[in-house]
Amino acid sequence: MPTLAATATHAGSTAGLIVLILAAVTLGYLAVCWLRPFRRCRRCHGTGRRRSLILRATRACRRCDGTGEHLRPGRVALNYLRDLHDKGTPR
């Protein structure tokens with residue numbers, strides 16, 4: 001039967017490993033948001049065009065304004081934090 005000290009050490013190392021993995025995933029996503037801030041629009045699949053229901057005519061995608069790209073959620077958060085910092089920093 002394992003002792004209490006051995007069980008606590010194993011639980012502590014598991015929690016530390018989980019924190020380390022979460023930190024690595026977060027830093028990786030932030031790097032992707034910094035290097036490639038735009039992703040393909042999910043609605044038009046990056047084409048910038050959508051088919052209308054009436055007569056199946058093609059029109060510009062309203063979600064991405066016809067560009068085919070959309071900001072990543074992480075980049076939106078980074079932009080918000082940068083603006084918040086700039087507003088709070090005296091010039």
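The hydrophobic cluster around Val19 extends to none of the other residues, as no ILVMFWY side-chain heavy atom falls under 4.5 Å of it. Leu84 belongs to a hydrophobic cluster with Tyr80, Leu81, counting contacts under 4.5 Å between side-chain heavy atoms of Ile, Leu, Val, Met, Phe, Trp and Tyr, direct or through other members. Through side-chain heavy atoms spaced under 4.5 Å, either directly or across other Ile, Leu, Val, Met, Phe, Trp or Tyr residues, Leu55 is tied to Ile54.
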Criterion side-chain contact (heavy atoms from CB on, under 4.5 Å) on Arg59 and Arg51, from CA distance to verdict
CA-CA 6 Å; Arg59 300 205 171 121; Arg51 286 195 166 266; over 6 Å; no

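Here the NE2 atom belonging to His70 is positioned 9.5 Å from the SG atom belonging to Cys44, to the nearest 0.5 angstrom. The CZ atom of Arg49 sits 4.5 Å away from atom OG1 of Thr58, with the distance rounded to the nearest 0.5 Å. Expressed to the nearest 0.5 Å, how far NE2 of His45 lies from SG of Cys61 amounts to 9.5 Å.
Legend: residues meeting side-chain contact (heavy atoms from CB on, under 4.5 Å) with Thr89, ordered by chain and number and at least two apart, are His85. By the side-chain hydrogen bond (donor to acceptor under 3.5 Å, both in side chains) test, Arg50 pairs with no residue at all, sequence neighbours left out. Partners of Thr67 according to the side-chain contact (heavy atoms from CB on, under 4.5 Å) rule, which considers only residues two or more places apart in sequence or in another chain, are Cys64, Glu69. Under the rule for a side-chain hydrogen bond (donor to acceptor under 3.5 Å, both in side chains), the partners of Asn79 that lie at least two apart in sequence or sit in another chain are Arg75, Arg82.
Within 6.0 Å of atom CZ in Arg43, 12 or fewer heavy atoms from other residues, nucleotides or ligands are found, so the atom counts as exposed in its surroundings.
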May I have the list of side-chain donor-acceptor pairs in residues 20-39 shorter than 3.5 Å, sequence neighbours left out?
unit_1, atom_1, unit_2, atom_2, d
Thr26, OG1, Leu22, O, 2.8
Tyr29, OH, Gly74, N, 3.1

